[in-house]
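Counting starts at 1 for both ligands and their atoms, following the listed order. When reading the values below, keep in mind they use all heavy atoms of this one structure, side chains included, and skip hydrogens, waters and symmetry mates.
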Amino acid sequence: MLKKWTMFTMAFVLSVSVLAGCGARSQESSGGNEIGNDNDQQVTSEEKIVVKFSHVVAENTPKGQAAIMFEQLAEEYTGGRVDVQVFPNSQLYNDDDVLAAVQQNNIQLAAPATSKVSKLFPEWTIFDFPFAFPNVEAVQTAMESEKIGDKLFSMLNEQNLQGLAMWDNGFKQMTLDEHPLINPEDFEGQKFRVMSSKVLEAQFEAVNANPTPMPFSEVYSALEQGVIDGQENTLSNIYSKKFHEVQNYMTLSNHGYLGYAVITNSDFWNGLPEDVRAGLDKAMEETTTWVRENGQRLNDENLSKIKEDNTLKDIHELSDEEKQVWMDAMDPVYDQFEEEVGKDLIDAIKELR
Ligand code: LMR
(Lines give C-alpha, C1' and ligand atoms only; values in the text may rest on other atoms or scores of the structure.)
Protein backbone atom coordinates (compact mmCIF):
# COMPACT_ATOMS: atom_id res chain seq x y z
CA MET A 1 0.00 0.00 0.00
CA LEU A 2 2.77 2.40 1.06
CA LYS A 3 4.75 1.49 -2.05
CA LYS A 4 1.75 2.11 -4.26
CA TRP A 5 1.14 5.49 -2.62
CA THR A 6 4.79 6.50 -3.01
CA MET A 7 4.69 5.58 -6.71
CA PHE A 8 1.52 7.59 -7.17
CA THR A 9 3.08 10.61 -5.46
CA MET A 10 6.20 10.34 -7.62
CA ALA A 11 4.15 10.04 -10.80
CA PHE A 12 2.11 13.06 -9.76
CA VAL A 13 5.13 15.20 -8.88
CA LEU A 14 6.74 14.19 -12.16
CA SER A 15 3.75 15.19 -14.25
CA VAL A 16 3.46 18.50 -12.41
CA SER A 17 7.13 19.31 -12.88
CA VAL A 18 6.91 18.44 -16.59
CA LEU A 19 4.08 20.95 -16.88
CA ALA A 20 5.94 23.51 -14.82
CA GLY A 21 9.07 23.00 -16.89
CA CYS A 22 7.05 23.67 -20.00
CA GLY A 23 5.80 26.87 -18.50
CA ALA A 24 2.23 25.64 -18.06
CA ARG A 25 0.69 27.98 -15.56
CA SER A 26 -1.26 26.57 -12.71
CA GLN A 27 -3.86 27.76 -10.29
CA GLU A 28 -4.99 26.79 -6.81
CA SER A 29 -8.55 25.78 -7.35
CA SER A 30 -9.63 26.78 -3.85
CA GLY A 31 -8.49 30.39 -3.88
CA GLY A 32 -8.06 30.84 -7.62
CA ASN A 33 -4.66 32.48 -7.09
CA GLU A 34 -2.08 31.85 -9.74
CA ILE A 35 0.91 30.10 -8.26
CA GLY A 36 3.26 30.46 -11.18
CA ASN A 37 5.52 27.80 -12.57
CA ASP A 38 8.54 27.53 -10.29
CA ASN A 39 9.92 24.02 -10.25
CA ASP A 40 10.04 23.90 -6.46
CA GLN A 41 6.46 25.10 -6.11
CA GLN A 42 4.28 23.09 -3.72
CA VAL A 43 1.18 21.92 -5.52
CA THR A 44 -1.88 20.08 -4.38
CA SER A 45 -3.78 17.37 -6.17
CA GLU A 46 -6.46 19.96 -6.79
CA GLU A 47 -4.16 21.95 -9.04
CA LYS A 48 -5.74 23.17 -12.23
CA ILE A 49 -4.00 23.42 -15.57
CA VAL A 50 -4.69 26.83 -17.06
CA VAL A 51 -5.07 27.00 -20.83
CA LYS A 52 -5.08 30.58 -22.08
CA PHE A 53 -6.71 30.95 -25.48
CA SER A 54 -6.24 34.27 -27.24
CA HIS A 55 -8.00 35.36 -30.42
CA VAL A 56 -8.89 38.57 -32.24
CA VAL A 57 -12.54 38.34 -33.23
CA ALA A 58 -15.83 39.02 -31.46
CA GLU A 59 -17.63 36.34 -29.49
CA ASN A 60 -20.62 36.23 -31.85
CA THR A 61 -18.60 34.79 -34.75
CA PRO A 62 -17.76 31.18 -35.72
CA LYS A 63 -14.35 31.35 -33.99
CA GLY A 64 -15.69 33.28 -30.99
CA GLN A 65 -18.46 30.74 -30.46
CA ALA A 66 -16.14 27.80 -31.02
CA ALA A 67 -13.69 29.09 -28.43
CA ILE A 68 -16.46 29.30 -25.84
CA MET A 69 -17.69 25.83 -26.74
CA PHE A 70 -14.18 24.41 -26.45
CA GLU A 71 -13.81 26.03 -23.05
CA GLN A 72 -16.98 24.39 -21.77
CA LEU A 73 -16.30 20.96 -23.27
CA ALA A 74 -12.65 20.93 -22.23
CA GLU A 75 -13.53 21.66 -18.64
CA GLU A 76 -16.25 19.01 -18.70
CA TYR A 77 -14.16 16.28 -20.35
CA THR A 78 -11.21 16.79 -18.02
CA GLY A 79 -13.39 16.71 -14.95
CA GLY A 80 -12.54 20.33 -14.17
CA ARG A 81 -8.77 19.74 -14.14
CA VAL A 82 -8.32 22.19 -16.98
CA ASP A 83 -9.34 25.83 -16.73
CA VAL A 84 -9.64 27.27 -20.26
CA GLN A 85 -9.53 31.08 -20.26
CA VAL A 86 -10.66 32.67 -23.51
CA PHE A 87 -9.52 36.19 -24.40
CA PRO A 88 -11.45 37.48 -27.48
CA ASN A 89 -11.20 40.78 -29.39
CA SER A 90 -7.37 41.02 -29.33
CA GLN A 91 -7.59 41.63 -25.55
CA LEU A 92 -4.40 39.74 -24.92
CA TYR A 93 -2.46 39.48 -28.17
CA ASN A 94 -2.69 40.93 -31.61
CA ASP A 95 -2.29 39.10 -34.91
CA ASP A 96 1.39 39.78 -35.15
CA ASP A 97 2.46 38.46 -31.79
CA VAL A 98 0.07 35.62 -31.06
CA LEU A 99 2.19 32.79 -32.48
CA ALA A 100 5.28 33.97 -30.64
CA ALA A 101 3.17 33.98 -27.46
CA VAL A 102 2.25 30.34 -28.09
CA GLN A 103 5.87 29.42 -28.81
CA GLN A 104 6.91 30.99 -25.52
CA ASN A 105 3.99 29.29 -23.76
CA ASN A 106 2.64 32.61 -22.52
CA ILE A 107 -0.63 31.32 -23.89
CA GLN A 108 -1.41 27.72 -24.73
CA LEU A 109 -3.93 28.10 -27.57
CA ALA A 110 -4.43 30.40 -30.52
CA ALA A 111 -6.45 30.15 -33.71
CA PRO A 112 -4.94 32.64 -36.14
CA ALA A 113 -6.23 32.87 -39.68
CA THR A 114 -4.12 30.63 -41.90
CA SER A 115 -2.94 33.77 -43.73
CA LYS A 116 -1.21 34.88 -40.54
CA VAL A 117 0.46 31.51 -40.06
CA SER A 118 2.10 32.14 -43.44
CA LYS A 119 4.35 34.75 -41.85
CA LEU A 120 6.25 31.92 -40.13
CA PHE A 121 5.45 29.19 -42.65
CA PRO A 122 4.99 30.59 -46.19
CA GLU A 123 3.37 27.35 -47.39
CA TRP A 124 0.31 28.13 -45.25
CA THR A 125 -0.53 30.90 -47.67
CA ILE A 126 -2.10 28.38 -50.04
CA PHE A 127 -5.51 29.10 -48.51
CA ASP A 128 -5.19 32.70 -49.65
CA PHE A 129 -5.14 32.04 -53.38
CA PRO A 130 -8.10 33.74 -55.05
CA PHE A 131 -10.97 31.42 -55.92
CA ALA A 132 -8.94 28.38 -54.84
CA PHE A 133 -11.78 26.56 -53.13
CA PRO A 134 -15.32 26.16 -54.45
CA ASN A 135 -16.65 25.44 -50.94
CA VAL A 136 -15.50 24.63 -47.40
CA GLU A 137 -15.74 20.90 -48.11
CA ALA A 138 -12.89 21.33 -50.59
CA VAL A 139 -10.79 22.90 -47.82
CA GLN A 140 -11.57 19.96 -45.57
CA THR A 141 -10.57 17.52 -48.31
CA ALA A 142 -7.29 19.41 -48.67
CA MET A 143 -6.60 19.35 -44.94
CA GLU A 144 -7.30 15.64 -44.70
CA SER A 145 -4.86 14.88 -47.53
CA GLU A 146 -1.25 13.85 -47.10
CA LYS A 147 -0.07 16.23 -49.82
CA ILE A 148 -1.54 19.29 -48.14
CA GLY A 149 -2.89 18.84 -44.59
CA ASP A 150 -0.23 16.48 -43.24
CA LYS A 151 2.53 18.55 -44.77
CA LEU A 152 1.24 21.83 -43.35
CA PHE A 153 0.61 20.48 -39.87
CA SER A 154 3.92 18.65 -39.57
CA MET A 155 5.99 21.73 -40.41
CA LEU A 156 4.58 23.49 -37.35
CA ASN A 157 6.43 21.01 -35.11
CA GLU A 158 9.78 22.37 -36.31
CA GLN A 159 9.08 25.51 -34.29
CA ASN A 160 7.62 24.01 -31.12
CA LEU A 161 4.07 24.40 -32.35
CA GLN A 162 1.41 21.80 -32.82
CA GLY A 163 -1.68 22.04 -35.01
CA LEU A 164 -4.78 20.60 -33.39
CA ALA A 165 -7.52 21.40 -35.91
CA MET A 166 -8.72 23.63 -38.71
CA TRP A 167 -11.75 25.74 -37.95
CA ASP A 168 -13.67 27.29 -40.84
CA ASN A 169 -15.05 30.74 -40.83
CA GLY A 170 -16.15 30.86 -44.46
CA PHE A 171 -15.61 32.93 -47.58
CA LYS A 172 -14.57 36.54 -47.81
CA GLN A 173 -16.55 39.36 -49.39
CA MET A 174 -15.30 42.76 -50.55
CA THR A 175 -16.36 46.15 -49.23
CA LEU A 176 -15.44 49.60 -50.52
CA ASP A 177 -16.41 53.13 -49.66
CA GLU A 178 -16.24 54.96 -52.95
CA HIS A 179 -18.11 52.91 -55.53
CA PRO A 180 -19.46 49.42 -56.23
CA LEU A 181 -16.93 46.68 -57.03
CA ILE A 182 -18.20 44.87 -60.09
CA ASN A 183 -15.36 44.79 -62.62
CA PRO A 184 -11.61 44.39 -61.95
CA GLU A 185 -11.16 48.04 -63.05
CA ASP A 186 -13.18 49.12 -60.03
CA PHE A 187 -10.27 48.13 -57.77
CA GLU A 188 -7.82 50.47 -59.44
CA GLY A 189 -5.98 52.81 -57.08
CA GLN A 190 -8.12 51.82 -54.06
CA LYS A 191 -6.42 51.02 -50.77
CA PHE A 192 -7.48 47.69 -49.30
CA ARG A 193 -6.58 46.32 -45.90
CA VAL A 194 -5.14 42.80 -46.06
CA MET A 195 -4.03 40.30 -43.44
CA SER A 196 -0.29 39.74 -43.37
CA SER A 197 0.03 37.50 -46.42
CA LYS A 198 2.02 38.08 -49.56
CA VAL A 199 -0.55 36.22 -51.66
CA LEU A 200 -3.29 38.54 -50.45
CA GLU A 201 -1.14 41.51 -51.36
CA ALA A 202 -0.54 40.02 -54.81
CA GLN A 203 -4.27 39.40 -55.25
CA PHE A 204 -4.99 43.12 -54.92
CA GLU A 205 -1.95 44.13 -56.96
CA ALA A 206 -3.24 41.92 -59.78
CA VAL A 207 -6.22 44.29 -60.09
CA ASN A 208 -4.11 47.42 -59.60
CA ALA A 209 -5.29 48.13 -56.07
CA ASN A 210 -3.02 49.07 -53.16
CA PRO A 211 -2.89 46.43 -50.42
CA THR A 212 -2.19 47.61 -46.88
CA PRO A 213 -1.35 44.92 -44.29
CA MET A 214 -2.90 45.75 -40.93
CA PRO A 215 -3.99 43.89 -37.78
CA PHE A 216 -7.68 43.11 -37.52
CA SER A 217 -8.10 45.29 -34.43
CA GLU A 218 -7.20 48.41 -36.41
CA VAL A 219 -9.46 47.91 -39.42
CA TYR A 220 -12.60 49.65 -38.17
CA SER A 221 -10.89 52.92 -37.30
CA ALA A 222 -8.77 52.82 -40.47
CA LEU A 223 -11.97 52.53 -42.51
CA GLU A 224 -13.69 55.21 -40.48
CA GLN A 225 -10.83 57.66 -40.85
CA GLY A 226 -10.30 56.89 -44.52
CA VAL A 227 -6.78 55.52 -44.00
CA ILE A 228 -7.96 52.64 -46.17
CA ASP A 229 -10.79 52.59 -48.71
CA GLY A 230 -11.91 49.00 -48.46
CA GLN A 231 -11.31 45.56 -47.05
CA GLU A 232 -12.13 41.89 -47.51
CA ASN A 233 -13.59 39.67 -44.81
CA THR A 234 -16.30 37.20 -43.94
CA LEU A 235 -19.82 38.40 -43.23
CA SER A 236 -19.51 37.48 -39.56
CA ASN A 237 -16.36 39.60 -39.17
CA ILE A 238 -17.87 42.46 -41.18
CA TYR A 239 -21.05 42.47 -39.11
CA SER A 240 -19.57 41.89 -35.65
CA LYS A 241 -16.98 44.65 -36.13
CA LYS A 242 -19.45 47.01 -37.83
CA PHE A 243 -17.38 47.47 -40.99
CA HIS A 244 -20.66 47.79 -42.91
CA GLU A 245 -21.36 50.99 -40.96
CA VAL A 246 -18.25 52.70 -42.30
CA GLN A 247 -18.41 51.44 -45.90
CA ASN A 248 -20.91 52.12 -48.66
CA TYR A 249 -20.68 49.10 -50.95
CA MET A 250 -20.31 45.37 -50.54
CA THR A 251 -19.81 42.73 -53.21
CA LEU A 252 -20.70 39.15 -52.38
CA SER A 253 -17.74 37.65 -54.19
CA ASN A 254 -16.80 34.61 -52.09
CA HIS A 255 -13.37 35.02 -53.66
CA GLY A 256 -11.24 33.73 -50.82
CA TYR A 257 -11.39 31.30 -47.92
CA LEU A 258 -10.89 32.34 -44.30
CA GLY A 259 -10.15 29.62 -41.80
CA TYR A 260 -8.09 29.11 -38.70
CA ALA A 261 -5.25 26.87 -37.63
CA VAL A 262 -5.86 25.95 -34.01
CA ILE A 263 -2.36 25.84 -32.59
CA THR A 264 -0.81 24.93 -29.26
CA ASN A 265 2.71 24.75 -27.85
CA SER A 266 4.22 21.28 -28.53
CA ASP A 267 6.07 21.01 -25.22
CA PHE A 268 3.02 22.04 -23.27
CA TRP A 269 0.77 19.64 -25.15
CA ASN A 270 3.11 16.67 -24.95
CA GLY A 271 3.73 17.33 -21.26
CA LEU A 272 0.05 17.04 -20.36
CA PRO A 273 -1.09 13.93 -18.47
CA GLU A 274 -2.47 11.51 -21.05
CA ASP A 275 -6.01 11.51 -19.71
CA VAL A 276 -6.13 15.31 -19.70
CA ARG A 277 -4.87 15.42 -23.28
CA ALA A 278 -7.48 12.85 -24.30
CA GLY A 279 -10.20 15.05 -22.78
CA LEU A 280 -8.91 18.09 -24.63
CA ASP A 281 -8.69 16.10 -27.88
CA LYS A 282 -12.31 15.04 -27.52
CA ALA A 283 -13.39 18.63 -26.81
CA MET A 284 -11.45 19.86 -29.85
CA GLU A 285 -12.96 17.22 -32.11
CA GLU A 286 -16.53 18.04 -31.10
CA THR A 287 -15.91 21.78 -31.39
CA THR A 288 -14.41 21.34 -34.86
CA THR A 289 -17.48 19.40 -36.00
CA TRP A 290 -19.70 22.14 -34.60
CA VAL A 291 -17.82 24.89 -36.48
CA ARG A 292 -18.01 22.92 -39.71
CA GLU A 293 -21.73 22.53 -39.35
CA ASN A 294 -22.50 26.06 -38.15
CA GLY A 295 -19.95 28.50 -39.63
CA GLN A 296 -21.92 29.01 -42.81
CA ARG A 297 -25.18 29.45 -40.89
CA LEU A 298 -23.66 32.20 -38.74
CA ASN A 299 -22.35 34.01 -41.81
CA ASP A 300 -25.75 33.73 -43.51
CA GLU A 301 -27.47 35.14 -40.45
CA ASN A 302 -25.00 38.03 -40.42
CA LEU A 303 -25.84 38.85 -44.04
CA SER A 304 -29.49 39.20 -43.04
CA LYS A 305 -28.51 41.47 -40.16
CA ILE A 306 -26.31 43.62 -42.42
CA LYS A 307 -29.28 43.99 -44.78
CA GLU A 308 -31.59 44.85 -41.89
CA ASP A 309 -29.19 47.54 -40.68
CA ASN A 310 -29.50 49.19 -44.08
CA THR A 311 -26.25 51.14 -43.74
CA LEU A 312 -24.80 50.08 -47.09
CA LYS A 313 -25.86 51.85 -50.28
CA ASP A 314 -25.71 48.61 -52.25
CA ILE A 315 -24.92 44.91 -51.94
CA HIS A 316 -23.96 43.40 -55.26
CA GLU A 317 -23.88 39.67 -55.81
CA LEU A 318 -21.23 38.72 -58.35
CA SER A 319 -22.75 36.85 -61.31
CA ASP A 320 -20.98 33.77 -62.70
CA GLU A 321 -19.76 35.79 -65.67
CA GLU A 322 -18.43 38.59 -63.47
CA LYS A 323 -16.78 36.03 -61.22
CA GLN A 324 -14.97 34.52 -64.22
CA VAL A 325 -13.60 37.96 -65.14
CA TRP A 326 -12.27 38.40 -61.57
CA MET A 327 -10.76 34.91 -61.68
CA ASP A 328 -8.98 35.63 -64.95
CA ALA A 329 -7.62 38.92 -63.61
CA MET A 330 -6.33 37.33 -60.39
CA ASP A 331 -5.07 34.08 -61.89
CA PRO A 332 -1.43 35.18 -62.43
CA VAL A 333 -1.02 35.14 -58.62
CA TYR A 334 -0.72 31.34 -58.70
CA ASP A 335 2.37 31.31 -60.95
CA GLN A 336 3.92 34.18 -59.03
CA PHE A 337 4.25 32.03 -55.89
CA GLU A 338 5.39 28.72 -57.37
CA GLU A 339 8.87 29.12 -56.00
CA GLU A 340 8.00 30.41 -52.55
CA VAL A 341 5.12 28.07 -51.80
CA GLY A 342 6.24 25.06 -53.86
CA LYS A 343 4.89 23.82 -57.16
CA ASP A 344 3.61 20.58 -55.64
CA LEU A 345 1.36 22.42 -53.16
CA ILE A 346 0.10 24.84 -55.80
CA ASP A 347 -0.65 21.97 -58.17
CA ALA A 348 -2.51 20.15 -55.40
CA ILE A 349 -4.61 23.25 -54.78
CA LYS A 350 -5.27 23.74 -58.49
CA GLU A 351 -6.57 20.18 -58.67
CA LEU A 352 -9.25 21.07 -56.13
CA ARG A 353 -10.47 24.08 -58.06
C1 LMR B 1 -8.64 39.17 -40.10
O2 LMR B 1 -7.59 39.62 -39.65
O3 LMR B 1 -9.31 39.76 -40.92
C4 LMR B 1 -9.12 37.83 -39.61
O5 LMR B 1 -8.01 37.03 -39.44
C6 LMR B 1 -9.81 37.93 -38.34
C7 LMR B 1 -10.14 36.55 -37.89
O8 LMR B 1 -9.39 36.00 -37.10
O9 LMR B 1 -11.16 36.04 -38.35
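A donor-acceptor contact under 3.5 angstrom links the side chains of Glu286 and Tyr77, judged on distance only. At a cut-off of 3.5 Å, with distance as the only test, no side-chain donor of His255 or Gln173 sits close to an acceptor on the other residue.
Residues Ala209 and Pro211 come closest through the heavy atom pair O-CD, 3.4 Å. Counting all heavy atoms, side chain and backbone alike, Val333 lies closest to Phe129 at O-CE2, 3.7 Å.
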What short N/O contacts, under 3.5 Å, does ligand 1 make with the protein, listed by atom pair and distance?
from, atom 1, to, atom 2, distance (Å)
ligand 1, 2 (O), Lys116, NZ, 2.6
ligand 1, 2 (O), Arg193, NH1, 3.4
ligand 1, 2 (O), Arg193, NH2, 2.8
ligand 1, 3 (O), Arg193, NH1, 2.7
ligand 1, 3 (O), Asn233, ND2, 2.7
ligand 1, 5 (O), Lys116, NZ, 2.7
ligand 1, 8 (O), Lys63, NZ, 2.7
ligand 1, 9 (O), Asn237, ND2, 2.9
ligand 1, 9 (O), Tyr260, OH, 2.4

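Under a hydrophobic clustering in which Ile, Leu, Val, Met, Phe, Trp and Tyr are joined whenever their side-chain heavy atoms come within less than 4.5 Å, directly or via other members, Phe127 and Phe153 fall into the same cluster. In the hydrophobic clustering of this structure, Trp290 groups with Phe70; members are Ile, Leu, Val, Met, Phe, Trp, Tyr whose side-chain heavy atoms approach within less than 4.5 Å, directly or through other members.
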